[in-house]
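Comments concern the structure below.
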Number of protein chains: 2
Amino acid sequence: MRAVSETGYRVNAAARDLRQRRARSILILAPNLSNTFFSRIFAAVQEEASAAGLTVQISDSRIGRDRILSLGHDGRADGIVLLDGGLEPEVVNGWQLPLIQLSEWNDAYVAPHLGIDNHAAASLAVEHLAELGHHSVMHVSGPKHNVLAVARRDGFLAESAKRAMEPSVFSGDFTLEAGAEAARRWARLPVLDRPTGVFCASDECAFGFISESVHMGYTVPGDVSVIGFDDIDFADRFLPALTTIHQPRAEMGRIAAKRVIDMIRCLHREGLGPSEDPTQSIEASLVVRSSTGPASRGRDAVT
Amino acid sequence: MRAVSETGYRVNAAARDLRQRRARSILILAPNLSNTFFSRIFAAVQEEASAAGLTVQISDSRIGRDRILSLGHDGRADGIVLLDGGLEPEVVNGWQLPLIQLSEWNDAYVAPHLGIDNHAAASLAVEHLAELGHHSVMHVSGPKHNVLAVARRDGFLAESAKRAMEPSVFSGDFTLEAGAEAARRWARLPVLDRPTGVFCASDECAFGFISESVHMGYTVPGDVSVIGFDDIDFADRFLPALTTIHQPRAEMGRIAAKRVIDMIRCLHREGLGPSEDPTQSIEASLVVRSSTGPASRGRDAVT
DNA sequence: CTGAAAGCGCTTACAG
DNA sequence: CTGAAAGCGCTTACAG
């Protein structure tokens, strides 16, 4: 044994993987690797995986059917954390691997899902605006076919209907630019028709909205209250600090990772059942900061 | 062949890797996966790798000597993109793999480096402040032993000395919180000693500084001009929009990936030499936005 | 050109 | 308990 360590021997992973029919690796798939929403999730997944002796592979999930298909098929991953609900169900269900859906989901995928209740979270945002006296409220939504976007929009619509508010929706795509465009559209509305409360489907989008409104001469929350969604790192340092829906991203990544790892172990008959409670859920919460305030009468920008 | 595709046969990567003595995978190592500076680099590396038929592994580089050592040794990666200059040289040089240093570097690593000239970029920032008439300038630095932090601080010091300015340095660590702490320290200075220009070693840090100063009642750039470093995604939507040093992160990731891929191919005798010019360098530039302005006389905050 | 054999470096089941 | 053999699923070099 001493000789072994002295010569600096290292097991060859490819050989071991082949013999054991496992890869000691988990794969993270996300629709856009440069989105800051995902970064903390990646970190958490990698931390858990590393602690379990697993390696982490990462890939953009929008890289073409063939490539994505082979990622789950070539025997290089033992399990998958999937952050994209927009892949073809045949592809996802075709991978015969432990898989967990995180954040986004798709009912056609035969796999457990972990994430917040987006509908309820959107209601929270509307409730907050209602309590501040806002009556006319606007939602800057995410992409039309994104499950998260749909759930948040439906939650917004349902809650504002329940409270007899006047809701409107601007169709966006979660980006800064969509928020800015929504602000321009908002400003073009006749003063009296202008919503005084805006709920954005993402923090980025809210940053874009606020930034553009301020550039046009409006004040936040003086002229318009803005709520984001996600509570990304910069939210509390934005000016004004952003009122938003907090998603515990690190926790989400950690639990998802633990759960795939459990599924993998279970498959290999290691350990006796899951260490994580599979019904454990993730709670979103409203974080009130400075971008929302009492409803004011509409007025024109001081340009 | 038809029968093959009809049965849905897929080559087993572990078996092929073992036989061919390669992994078709590159490894990205970064000191902190949740830092937004890295996200766009990851995306670019993964894009290039995917185009070349390679898989991407990602890992935090601060996970313990043994684990990090085996990542480069177990035959699962063909090449490495290293974003951390703080690992032990014996570890890094012990991996006998194609490797490129990106952004951070360490002279003890026997591997090419790709990145901007941080010293020169810092000079650019000081030059900008000088042209706006600032005389007393402060630098909020990165961690003491970080190469990037040292280069930026030295550039700041050299350029401000050259221009006979009055420089001071607050020792930070690139974070929002460090920026905020620097702002508090700054505010405590006697009005006449207060630097009117602040150069932060990162955008996050600049956000923290601006956010905290505004909360204390100061205005940016009215009372103090602030420059960041990196030009991360939110920089142009911050309020005020952040003047900063632009680093072309996507391009950095892309070129680094191409270069490791070339090194790998070269090693396997595929292709005839590098497709990328190995002397190609990365240029940083100053992006002037709204967080900097003419030097004003110091005054106390309207609290 | 085609097809069978050897071998990549491990792990595991089995014989001694 | 120890040690030699078989085999994971491929690729490649070689014999026919």
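Since we're looking at a predicted model, the values are computed, not measured. Proteins come first, then strands; the chains are lettered A, B, ... in the order of their sequence lines, and each starts at number 1.
Spacing between atom CG of A:Asn12 and atom P of C:dC8 amounts to 11 Å, rounded to whole angstrom units. When the C1' atom of C:dC8 is taken as reference, atom CZ of B:Arg24 falls 15 Å away, rounded to whole Å. When the P atom of C:dT11 is taken as reference, atom CG of B:Asp74 falls 12 Å away, rounded to whole Å. Rounded to whole Å, the distance from CZ on A:Arg19 to P on C:dG7 is 19 Å.
Between the side chain of A:Asn118 and the main chain of A:Leu148, no donor-acceptor pair closer than 3.5 Å is present.
When each of C:dC10, D:dC8, C:dC8 is scored by its nearest atom to the side-chain atoms of A:Arg16, the top-ranked nucleotide is C:dC10. When each of C:dC8, D:dC8, C:dC10 is scored by its nearest atom to the side-chain atoms of A:Leu18, the top-ranked nucleotide is D:dC8.
An OP1 or OP2 oxygen of C:dT12 is reached within less than 4.0 angstrom by a side-chain nitrogen or oxygen of A:Gln20.
Atom OG of residue A:Ser59 and atom CD1 of residue A:Ile68 lie 5.0 Å apart, to the nearest 0.5 angstrom.
By the 4.5 Å heavy-atom criterion applied to side chains, A:Arg65 and A:Glu88 are counted as neighbours.
Residues B:Gln247 and B:Asp230 have side chains that bring a donor and an acceptor to within less than 3.5 angstrom of each other.
Within the shown strands, D:dA15 is the pairing partner of C:dT2 under the Watson-Crick or G-U definition, both distances less than 3.5 Å.
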